Amino acid sequence: MLKMRCPSNVSRAFLIVSSFFGIAIAQTEGQSEVPLYGQSPAVYPTPANNGSTSEDWAAAYAQAYSLIAQMTLEEKVNVTRGYPGTCVGNTGSVPRLGIEPLCLADAPDGIRGQEFVSAFPAGIHLAATFDRDLQHRYGHALGEEYRGKGINMALGPCAGPMGRVATGGRNWEALSNDPYLAGAAMSLITKGLQENGVIATLKHFLANEQEWRRRPNDLGEAVSSNVDDRTIHELYAWPFMNGLKAGAASVMSSYQRVNNSYASQNSKLLNGLLKTQFGFEGFVVSDWGGQYTGIASANAGLDLVMPDAGYWGGNLSDAVTNGTVSEERLNDMVARQLAAFYYLGQDDTYPPPSIYSSTQKHLPVNVQGDHRTLIREIGAAGTVLVKNVNNTLPLKNPQFLNIYGYDAQTSPSPWQNPSRYGGGYEVNFGWKTLNGTLITGGGSGGATPPYVISPFQAIQDRVISRTPPGNLRWDFYSENPTPAYVNAEACLVFINSYASESFDRVNLTDEFSDNLVNNVAANCSNTIVVVHSAGIRLVEAWIDNPNVTAVLFAGLPGQESGNSLAQILYGDVSPSGRLPYTIARQQSDYGSPEVVNGSVSLDYFPQSDFTEGLFIDYRHFDRAGIAPRFEFGFGLSYSTFEYGSSLYVTDALSSVDAYPSADVQIVQGGHPQLWDILFEVSIDITNTGSMSAHEVAQLYITVPGDETPVRQLRGFGRLLLKAGEKRTATFQLTRRDLSVWDVVAQQWRLPRGSYDIAVGASSRDLRANGTIQITQ
Ligand SMILES: *[C@@H]1O[C@H](CO)[C@@H](O)[C@H](O)[C@H]1NC(C)=O
Ligand SMILES: *[C@@H]1O[C@H](CO)[C@@H](O)[C@H](O)[C@H]1NC(C)=O
Ligand SMILES: *[C@@H]1O[C@H](CO)[C@@H](O)[C@H](O)[C@H]1NC(C)=O
Ligand SMILES: *[C@@H]1O[C@H](CO)[C@@H](O)[C@H](O)[C@H]1NC(C)=O
Ligand SMILES: *[C@@H]1O[C@H](CO)[C@@H](O)[C@H](O)[C@H]1NC(C)=O
Ligand SMILES: *[C@@H]1O[C@H](CO)[C@@H](O)[C@H](O)[C@H]1NC(C)=O
Ligand SMILES: *[C@@H]1O[C@H](CO)[C@@H](O)[C@H](O)[C@H]1NC(C)=O
Ligand SMILES: *[C@@H]1O[C@H](CO)[C@@H](O)[C@H](O)[C@H]1NC(C)=O
Ligand SMILES: *[C@@H]1O[C@H](CO)[C@@H](O)[C@H](O)[C@H]1NC(C)=O
Ligand SMILES: *[C@@H]1O[C@H](CO)[C@@H](O)[C@H](O)[C@H]1NC(C)=O
Ligand SMILES: *[C@@H]1O[C@H](CO)[C@@H](O)[C@H](O)[C@H]1NC(C)=O
Ligand SMILES: *[C@@H]1O[C@H](CO)[C@@H](O)[C@H](O)[C@H]1NC(C)=O
């Protein structure tokens with residue numbers, strides 16, 4: 001039986017898809033009717049695809065349709081659903097035609113629940129590197145592991161949540177609450193994964209910003225993320241556009257509602273934005289158990305349900321037979337999935353799945369390669385130094401160190417729960433088994449490490465390898481360690497902040513850890529704090545303590561955690577990680593209670609109104625004039641850098657017409673002219689210190705107009721500079737980078753006027769300014 005469990009799309013406007021030159025051009029009608037707040041306009045039908053936007057897709061669709069022509073109704077319906085099997089997700093097969101099940105697996109930072117796979121740094125840690133090359137190599141290495149295991153489809157990368165809610169339980173799986181930074185990484189991870197023939201799955205589409213009531217439960221329906229059209233384009237959907245532009249062949253719908261319509265049956269989101277405006281050629285898969293109706297989801301653009309038949313299976317066959325769902329729609333569901341398979345070349349020598357099962361006795365295939373080297377490099381590159389009084393760091397070959405805090409040592413073995421590993425410790429949940437160093441977060445987004453190098457192990461290796469060997473003292477568990485071992489040259493205190501899928505954090509601090517830092521500092525004038533954190537963690541309880549001499553935000557660094565950290569502590573590598581979010585002085589500085597904790601509504605139909613629009617994180621602090629403790633993009637180095645006083649800006653390199661041209665074929669990623677480079681900005685940067693180091697230069701723009709953020713990140717580059725070396729950082733600004741989403745024209749508009757450009761070492765350490773004039 002097909003059920004309608006929630007109010008469906010409210011029809012206020014409708015969309016006509018017309019075809020000139022074989023081109024899909026979307027036009028909205030009824031512009032005079034402003035959509036009701038928090039209601040999703042109806043957009044039907046789903047555009048039936050034929051791969052017309054590129055030769056590769058066209059060839060893939062031709063192969064798909066030649067199979068579809070031979071398939072029965074039952075066979076077509078079979079491939080739109082999941083079956084239990086060896087993988088996290090298994091599509092239905094068609095044995096008669098040799099169509100095999102696709103194997104789907106988590107997670108964005110490493111294959112979950114398997115042996116001989118790597119635990120990469122989490123997305124939020126990768127974002128903190130501000131390094132495109134590392135982001136690409138990360139995706140590529142991850143893709144080698146997925147392919148090596150014969151997994152057809154990786155359930156990542158993730159840019160939803162964006163991180164609107166400071167305590168959001170899954171923010172760490174994603175990249176950054178800045179859409180430009182998240183978008184760059186979404187694109188490069190997708191590219192890296194798909195270079196191996198693995199299908200990348202952009203998730204969770206869309207506005208999946210909190211865990212509390214993300215799914216229907218005893219209290220009622222799931223929360224509704226009510227987001228206005230401009231904010232959807234300029235913030236939440238932005239990074240998905242990058243992933244699509246990079247060729248992503250799959251997108252996962254989110255659990256919760258958007259504008260009161262479940263994301264898996266929201267026609268405006270799937271048929272409208274994704275499949276029309278962004279020209280998506282691939283298929284939409286539900287989150288696990290995230291389908292809530294049969295007919296409505298099929299017609300709104302869902303293509304594959306997981307992990308079982310959901311509301312489809314035989315019901316979908318009936319609905320096609322009686323015409324409630326058109327056969328064209330069913331064919332399109334199947335075509336999108338089969339075309340993705342051909343697009344990635346999976347018909348050509350893709351290995352069969354080699355997946356762990358508890359009854360299997362032989363050793364599974366080892367896919368780690370030399371990825372640990374890259375993991376260590378990213379671990380170090382994403383570590384952010386935020387305080388370093390009198391050059392406390394790097395350590396100068398110390399012979400006596402004290403180490404405190406449970407986060408210094410290895411957690412219990414992942415074997416205790418191989419598919420749900422998470423280091424760390426969460427005071428409020430009393431999960432004692434999570435007591436240990438935090439390298440990843442919990443839930444389906446967590447990686448399963450083959451081993452974990454704890455900070456204690458790596459520091460101990462360093463202390464005993466000096467001549468003569470040094471001396472360590474440690475206390476992992478006490479909140480008030482005594483005695484103080486007064487001879488130590490430094491006291492290293494390790495604290496962490498755990499987060500997981502399915503619940504949001506209850507706080508941005510915890511008392512145990514804050515007390516530990518202050519207790520150690522009371523007796524140790526050289527206290528170095530290392531914070532492993534699944535997101536924002538406030539530090540006011542001790543940051544100004546004069547005995548706290550250095551502080552590192554060491555993120556979620558993956559399996560090589562201790563080695564990555566030791567490279568920074570001992571100065572093998574100068575820190576260059578930058579905060580991919582703002583650290584406030586107090587939690588209320590982030591804005592309304594909703595952007596701190598998410599909606600905690602107990603209503604049957606809980607509403608979360610994204611009234612702050614574009615103004616989350618630094619955009620909010622800048623607009624409200626609130627001084628953060630550590631601003632977005634901030635991070636210290638062991639070296640010093642001088643920025644040239646002039647910005648060089650090229651003349652316009654492409655058309656600066658207010659709108660992209662009409663009648664141009666939409667390609668995957670949206671209107672192709674959105675990606676045209678309009679200007680290049682460059683600046684010289686010199687390493688004025690005495691060691692080779694990376695500098696992360698950031699470009700921020702102020703778009704003319706009243707409703708635009710004070711500044712927005714629109715360029716970054718991580719440059720390696722030897723002592724004394726000067727290099728030029730160059731930033732390319734695309735049409736989209738300089739545009740706003742015009743809700744009336746339903747198009748990206750390049751405002752006329754003067755754009756302020758600033759380049760610097762963080763969002764508030766701007767070293768050179770310039771302007772771009774767009775007149776006419
Ligand atoms: C959500 O609702 C707003 C009006 O509140 C509308 O402008 C926007 O297009 C809607 N988006 C979706 C995806 O429903
Ligand atoms: C797609 O193209 C194939 C062959 O070129 C054709 O048979 C099929 O009908 C087309 N399907 C759609 C949905 O346009
Ligand atoms: C549907 O898929 C399942 C699982 O792969 C398979 O066992 C079954 O034979 C398929 N049914 C048809 C009609 O091909
Ligand atoms: C139709 O969907 C309902 C709800 O999921 C399910 O219980 C039932 O088995 C389905 N019927 C068929 C024929 O698949
Ligand atoms: C068509 O079939 C579906 C699935 O069995 C059912 O829910 C729906 O009511 C039917 N519609 C009509 C018009 O018969
Ligand atoms: C840092 O150095 C200055 C100058 O040598 C000294 O006065 C100050 O006490 C030092 N601060 C710490 C925390 O060691
Ligand atoms: C961590 O585990 C150790 C050893 O089992 C235990 O003694 C300690 O109390 C735990 N710490 C916390 C904070 O739960
Ligand atoms: C540590 O400092 C506290 C507060 O100053 C003091 O009460 C305590 O005795 C000290 N402990 C040791 C072992 O020195
Ligand atoms: C959150 O942390 C603050 C600061 O440590 C504390 O005052 C507050 O009681 C905490 N709230 C909860 C619910 O733990
Ligand atoms: C700093 O450490 C010294 C011991 O080395 C202690 O005497 C002093 O009270 C500490 N200061 C603070 C603010 O804890
Ligand atoms: C967030 O929730 C916690 C726990 O319920 C509460 O202590 C805190 O005050 C809330 N913060 C805001 C800004 O509402
Ligand atoms: C650039 O402009 C910002 C304000 O947007 C200002 O804080 C900064 O000092 C300026 N820098 C230079 C080098 O002019």
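The structure displayed is predicted, hence computed values, not measured ones. Order of appearance sets the numbers: ligands from 1, and atoms from 1 within every ligand.
Ligand 5 places these atoms under 4.0 Å from at least one heavy atom of A319: 2 (O). Less than 4.0 angstrom separates some heavy atom of G92 from each of these atoms of ligand 3: 2 (O). Set against the non-hydrogen atoms of S525, the atoms of ligand 10 under 4.0 Å away are 2 (O), 5 (O). For ligand 3, the atoms closer than 4.0 angstrom to any heavy atom of V94 are 14 (O).
Nearest non-hydrogen protein atom to atom 7 (O) of ligand 3 is S93 OG, 4.5 Å. For atom 4 (C) of ligand 3, the nearest non-hydrogen atom of the protein is Y83 CD1, 3.6 Å. The nearest protein atom to atom 8 (C) of ligand 3, hydrogens excluded, is given as N78 ND2, 3.8 Å; this is a heavy-atom distance. Ranking the protein heavy atoms by distance from atom 9 (O) of ligand 3 puts P95 CG, 3.7 Å first.
With ring centers used as reference points, F341 lies 6.0 Å or more from F283. The ring of Y406 has its center no closer than 6.0 angstrom to the ring center of F476.
You'll find the side chain of Q337 stays beyond 4.5 Å of the side chain of V285, heavy atoms only. No side-chain heavy atom of N259 sits less than 4.5 Å from a side-chain heavy atom of K268.
Below 30°, between 30° and 60°, or above 60°: for W57 and Y61 the angle between ring planes is between 30° and 60°, a tilted geometry.
In this comparison of D318, T321, N315, N322, the heavy atom closest to atom 2 (O) of ligand 5 sits on N322. Heavy-atom proximity to atom 13 (C) of ligand 10, evaluated over V520, V548, D544, N545, is greatest for N545.
Counting heavy-atom neighbours within 6.0 Å of E540 CD, excluding the residue itself, gives a total above 12. For E74, the CD atom sits in a loose shell: 12 or fewer heavy atoms of surrounding residues, nucleotides or ligands are nearer than 6.0 Å.
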